[in-house]
Amino acid sequence: MTGIYPGSFDPVTFGHIDIIRRASRIVDRLIVAVLDNENKKTWFTVSERVEHLRNLTVEFDNVEVTSFSGLLVDFAKLTGAKLIIRGLRNSSDYDYEVKMSMANQVMSSEAETVFMAASPQFLFANSSIVKEVAGFGGEIGQMVPQLIKKAMEDRINHPHPIR
Ligand code: ADP
């Protein structure tokens, strides 16, 4: 069975990598899909986020990384994925995720959404907080891999020209 793990991954955290590792054991093929949403201001471009994820998932043989735009249910149909994987850290994730999965269910019944509880050691890993802390020069090494830490330092020193 093919599964999709969609998200913004701006940036990818240890929490995301943990979900990828665990989900890759359940499905035959896991597509990590970076949402290309022009309306969302991001630190990293879609291609940068895809590259980060590819670098950080090389050890998983059945994991592919790509990007998509538009509706997730359409992308799921296109790829033949029957499972949409999302992570849950707390009740605010739950409220949002259930709303999204219901909307997706109404649009298409072909793919089933499954939720994976965050591992306790990564509960606090949160992309928004990583950006906020990094923006103030704080330590983010507990939440993101070295590669991301370095990319964020580079971004602070060389702000993106179009953002
Ligand atoms: P989105 O913008 O779609 O919420 P994110 O990149 O923030 O994308 O998250 C992608 C998915 O990963 C979501 O289901 C989110 O709840 C989950 N997630 C984020 N951080 C963690 C974590 N530390 N542990 C487990 N799941 C997580």
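These numbers were taken from a predicted model, which means no experiment stands behind them. One-based numbering, in listed order, for ligands and for the atoms of each.
- Sorted by chain then number, the residues whose non-hydrogen atoms approach ligand 1 to under 4.0 Å are Tyr5, Pro6, Gly7, Ser8, Phe9, Gly15, His16, Ile19, Lys40, Arg86, Gly87, Arg89, Asp93, Glu97, Ala118, Phe122, Ala125.
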Would you list the atom pairs, donor with acceptor, under 3.5 Å between side chains in residues 138-152 and any protein atom, with sequence neighbours excluded?
residue : atom : partner : partner atom : Å
Glu139  : OE1  : Lys149  : NZ           : 3.4
Glu139  : OE2  : Gly141  : N            : 2.8
Glu139  : OE2  : Lys149  : NZ           : 3.3
Lys150  : NZ   : Asp154  : OD2          : 3.2

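- Shortest non-hydrogen contact noted between Ala118 and Arg22 is C-NH1, 4.0 Å.
- Every residue two or more places apart in sequence or in another chain that forms a salt bridge (Lys or Arg N to Asp or Glu O under 4.0 Å) with Glu97 is listed here: Arg86.
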Exercise answer: donor-acceptor pairs, residues 98-113 side-chain atoms, under 3.5 Å, sequence neighbours excluded:
residue : atom : partner : partner atom : Å
Ser101  : OG   : Val98   : O            : 3.1
Asn104  : ND2  : Met100  : O            : 3.4
Ser108  : OG   : Glu110  : N            : 3.2

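- Closest approach of Pro6 and Ile85 over heavy atoms only: CD-O, 3.3 Å.
- A distance-only check finds a donor-acceptor pair linking the side chain of Arg49 to the backbone of Phe44 [under 3.5 Å].
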